[in-house]
Amino acid sequence: MNSKYDPKTIEAKWQGRWAEEKTFRAVDFSDKPKYYCLVEFPYPSGDGLHVGHPRSYTALDILARKKRMEGYNVLFPMGFDAFGLPSENYAIKTGIHPSITTKNNIERFKQQLKSLGFSFDWDREFATTDPGYYKWTQWIFIQFYKHGLAYKDKMPINWCTSCKIGLANEEVVDGRCERCGGDVEKRNIEQWMLKITAYADALINDLATVNFLDKIKSQQINWIGRSEGANVQFRIAGHETSLTVFTTRPDTLFGATYMVLSPEHPLVSDLTTEEQKAAVTEYVHTASHKSDLERTELNQEKTGVFTGSYAINPVNGEEIPVWIADYVLINYGTGAIMAVPAHDERDFEFAKKFDLPIRCILRPDREDAQKAGIDMENVINGNVCWPHDGTIINSSNDTGLSIDGKPVKEAIRATIQWLEKQGIGESAVNYKLRDWVFSRQRYWGEPIPMIYCEDCGWSPVPDDELPVVLPEVEKYEPTDTGESPLALIEDWVNTSCPNCQKPAKRETDTMPNWAGSSWYFLRYTDPGNDTAFASVEKLAYWMPVDWYNGGMEHTTLHLLYSRFWNKFLYDCGLVPTSEPYLKRTSHGMVLGEGGEKMSKSRGNVINPDDVVQQYGADVFRVYEMFIGPFDQTAAWDTKGIAGAERFIHRVWKMGTALRIVDDQPLTADQLYILHATIKKVTEDIESLDLNTAISQMMIFINKNSTGQEIPRELIEPFLKLLAPFAPHICEELWARLGHERCIALAPWPEYDETYLVKKSVNIAIQVNGKLRASIEVGIGSEKDGIISKAKANSNVSRHLEGKQILKEIYVPNRLVNFVVR
RNA sequence: GCCGGGGUGGCGGAACUGGUAGACGCGCCGGUCUCAAACACCGGUGGAGGCAACUCCGUGUCGGUUCGAUUCCGACCCUCGGCACCA
């Protein structure tokens with residue numbers, strides 16, 4: 001029998017056997033309890049896998065494998081999120097159709113994934129670019145449309161001048177294009193929008209029902225940015241119209257000394273007086289040519305222009321000037337604000353610059369002011385801005401509003417009541433979250449399945465004509481007009497209206513790359529279905545996902561979008577649960593050697609293929625899990641692999657070189673280490689503390705790989721524990737021990753607490769909290785006996801000599817502490 | 001500025017509900033094997049002092065609670081992510 005450890009041979013052998021026997025097939029409607037274990041599917045880039053992918057895949061593979069051994073019917077699927085810019089840009093450069101690039105890249109990825117021994121059910125694989133898949137992405141879009149949640153709107157959007165596409169707010173990072181870093185400017189284009197804001201509250205509230213990491217929950221809540229306040233109407237002196245503002249602080253109405261409109265506000269031209277017209281027009285013009293970058297980065301200096309009009313403050317009838325300024329955003333609230341410079345830092349800065357009145361209507365609590373190092377007088381005089389809590393002052397009128405002396409919260413409530421009674425305002429809620437710009441003027445995406453008819457307007461493509469397949473094009477570049485290249489394919493664009501049959505045109509926009517991933521977890525339950533996106537029965541059996549792991553970079557967008565789609569489908573009665581994922585965790589990034597981010601330009605990219613080639617997949621898996629806590633960033637350390645390699649070699653030696661003895665009862669020490677290891681590994685996998693699980697298995701090996709022989713009853717349970725981590729070597733050794741069935745389906749070992757109770761323990765003896773000795777005593781020994789034994793210890797007695805013992809603290813089986821003086 | 005992680009040996013990192021800090025691994029030192037080296041195996045390894053037994057110091061900083069604090073409380077520093085004129 002070959003006794004040399006040869007990972008290449010055994011890994012290929014077992015990967016082949018798993019594939020042949022379909023060991024990891026998830027069985028629909030099995031009687032076993034189901035467990036749906038999900039990792040984010042990759043975008044199959046031309047670079048292949050990097051070591052970050054396997055961190056998540058290995059961890060959840062370990063979980064999936066353990067769950068299978070525990071008797072669960074596990075669904076652990078894999079697929080490819082293949083629409084997107086890199087393939088399209090590659091096509092623009094080379095003329096090679098993205099579908100070809102995609103197909104090649106997927107092949108490469110699959111081969112890499114298989115070489116790592118992941119227990120995916122490959123029968124359920126699909127790519128978002130498969131027409132059989134995107135047919136349903138289109139179908140779901142149509143359901144959004146039919147429910148009024150997809151609409152077309154002309155609005156200012158972010159336009160990347162180099163990619164020539166519209167970007168969602170989320171794709172603009174620091175005022176620049178997320179992927180190319182190019183300039184972003186405003187453009188008005190008709191865009192398909194998805195009304196995610198309709199689900200804003202549900203997306204916040206239902207977080208209470210799921211088990212996501214707290215930081216993930218708070219990031220979601222943060223992103224949605226719910227804020228409560230009031231809409232308040234201001235009449236304009238000499239005008240019929242009135243102006244509505246949103247404020248979270250209606251209690252500060254008496255401190256409102258001017259108003260500000262966003263430059264894009266529809267009332268700007270109406271409110272501009274003849275004298276101010278030139279200045280305002282110029283300001284609006286400059287503002288529209290500022291990119292978001294300029295608007296956010298140049299935030300030190302506030303700019304603005306007076307319109308010439310005055311609004312009437314409803315609480316005191318005062319006329320206050322109306323300005324326009326680009327620090328007020330058109331797409332938040334009503335695009336207009338009341339400015340309370342005494343209690344809002346932005347307004348304060350603006351008022352200082354343009355010499356507008358500042359009126360304090362809120363007295364800070366003395367302690368708060370002191371703590372902030374602020375002189376109360378300066379706040380009252382309006383010399384210093386106080387945006388915090390306090391007591392309302394100078395805020396009463398003769399029409400029934402009197403909030404003087406009230407704390408902020410109470411004053412807000414009272415003011416809203418008063419506004420409602422006067423009919424000039426009501427409580428209101430706003431979100432930072434905007435509706436989702438769902439159009440891209442690009443080729444490589446799902447065509448939006450809509451048809452426009454001069455007479456009937458927009459109609460969805462009828463179900464029996466789905467999918468709307470991407471046609472061949474000659475050029476992949478977006479057109480100069482900003483339309484997608486599809487607009488140039490006349491025989492594709494021109495069609496007939498599904499409603500009246502007259503000539504009509506297809507929508508040429510495609511969907512964003514977030515579309516396909518918004519529901520892929522549903523498709524895995526029934527990937528071949530051609531009459532529904534997934535059958536009700538299969539969804540009911542498999543959903544929800546029990547554990548979903550992915551990158552922290554997806555905790556706002558992808559997670560929010562996919563929860564939104566699922567909630568919508570739930571409301572349509574098409575999926576069984578409102579929340580798609582019971583549990584969500586995130587893995588830390590893998591950095592390059594030396595702690596720097598891995599990148600081609602730094603030349604520190606580690607290729608998993610090379611590692612597998614040199615050490616084998618099992619060593620790679622063990623090392624990557626041992627590298628550090630799963631949720632934290634970790635730096636790759638090539639030297640560190642040696643530890644994992646030695647460990648695997650010792651396992652091999654234990655399984656091949658030592659004599660396996662049957663029918664030999666285990667000693668107490670052997671039972672202890674075995675059951676301690678079972679317990680630790682069993683528990684640690686559940687919390688993905690895989691580094692400490694491995695550490696415990698190393699301890700086991702250190703204790704058991706050095707002798708001449710090893711009892712079967714010791715090695716077999718150990719191999720089962722290690723099998724999820726290093727599946728190939730464990731299968732091989734398991735087979736060599738005479739087993740015919742795979743270890744992957746062998747029952748998970750159980751531990752017995754009774755073996756973990758030690759007969760004796762080491763007890764620490766302290767004097768005044770300092771360790772002076774440690775003594776071995778029988779478990780559960782009497783306090784008195786231990787204390788006299790401790791006092792008898794020379795090193796202890798030395799420290800007690802001449803001192804008075806004030807207290808003897810005894811923690812059973814732990815320590816004794818003498819408090820002396 | 002706001003929200004959330006994280007600061008423990010030369011390095012990656014352990015540590016249950018407050019109870020012997022540094023498990024496990026890397027590296028390093030010494031030994032066995034070898035002509036030699038590598039591998040493997042055995043032993044050592046927080047710092048300072050001491051021949052030794054031992055002693056003192058030590059979990060970002062300062063303070064507090066406690067018989068006892070990496071763990072709890074208060075203030076602060078550094079660092080990494082996310083958000084950022086959202087009224």
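Within every chain, numbering begins at 1; the chains are lettered A, B, ... in the order of the sequence lines, protein sequences first and strands thereafter.
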Distance-only criterion, 3.5 Å: show the donor-acceptor pairs between side-chain atoms of residues 212-219 of chain A and protein atoms not counting sequence neighbours.
from	atom 1	to	atom 2	distance (Å)
A:Lys217	NZ	A:Leu207	O	3.0
A:Lys217	NZ	A:Val210	O	3.0
A:Ser218	OG	A:Asp214	O	3.4
A:Ser218	OG	A:Lys215	O	3.2
A:Gln219	OE1	A:Thr555	OG1	3.1

Salt bridge (charged side-chain N to carboxylate O under 4.0 Å, His left out) partners of A:Arg249, counting only residues at least two apart: A:Asp251

Closest listed nucleotide, where the reference is the side chain of A:Arg772 and the choices are B:C83, B:A87, B:C56: B:C56

Distances under 3.5 Å between protein N/O atoms and the N/O atoms of nucleotides 24-26 of chain B, please, pair by pair.
from	atom 1	to	atom 2	distance (Å)
B:C24	O4'	A:Ser695	OG	3.3
B:G25	OP1	A:Asn702	ND2	3.0
B:C26	OP1	A:Arg646	NH1	2.4

Say we look at [N] and [M]: how far apart would their [atom1] atoms be, to the nearest angstrom?
N	M	atom1	value
B:U61	B:U79	C1'	15 Å
B:C16	B:C85	C1'	48 Å
B:G9	B:G22	C1'	7 Å

Along RNA chain B (nearest heavy atom to each residue), the more 5'-positioned of A:Ile627 and A:Gln219: A:Ile627

Set of residues satisfying side-chain contact (heavy atoms from CB on, under 4.5 Å) with respect to A:Glu553, sequence neighbours excluded: none

Residues that A:Gln708 engages under side-chain contact (heavy atoms from CB on, under 4.5 Å), provided they are two or more places apart: none

Per-nucleotide protein contact string for nucleotides 15-21 of chain B (B base, S sugar-phosphate only, - none; heavy atom under 4.0 Å): -B--BB-

With a 3.5 Å cut-off and sequence neighbours excluded, list the donor-acceptor pairs that the side chains of residues 673-681 of chain A form with protein atoms.
from	atom 1	to	atom 2	distance (Å)
A:His675	ND1	A:Asp752	N	2.9
A:Thr677	OG1	A:Ile673	O	2.6
A:Thr677	OG1	A:Gln696	NE2	3.1
A:Lys679	NZ	A:Glu753	OE2	3.3
A:Lys680	NZ	A:Asp684	OD2	3.2

RNA chain B stem ranges, 3 or more consecutive Watson-Crick or G-U pairs under 3.5 angstrom: B:1-7 with B:77-83, B:10-12 with B:24-26, B:27-32 with B:40-45, B:46-49 with B:54-57, B:60-64 with B:72-76

Selection residues 789-811 of chain A - residue pairs positive for salt bridge (charged side-chain N to carboxylate O under 4.0 Å, His left out), sequence neighbours left out: A:Lys791-A:Glu808

Selection residues 222-232 of chain A - residue pairs positive for salt bridge (charged side-chain N to carboxylate O under 4.0 Å, His left out), sequence neighbours left out: A:Asp201-A:Arg226, A:Arg226-A:Glu228

Geometric class of the A:Tyr561/A:Trp514 ring pair [parallel <30°, tilted 30-60°, perpendicular >60°]: perpendicular

Ring pair (Phe, Tyr, Trp, His ring centres under 6.0 Å) contacts touching residues 682-710 of chain A (sequence neighbours left out): A:Phe700-A:Phe718

Contact list for residues 810-819 of chain A, test side-chain hydrogen bond (donor to acceptor under 3.5 Å, both in side chains), sequence neighbours left out: none

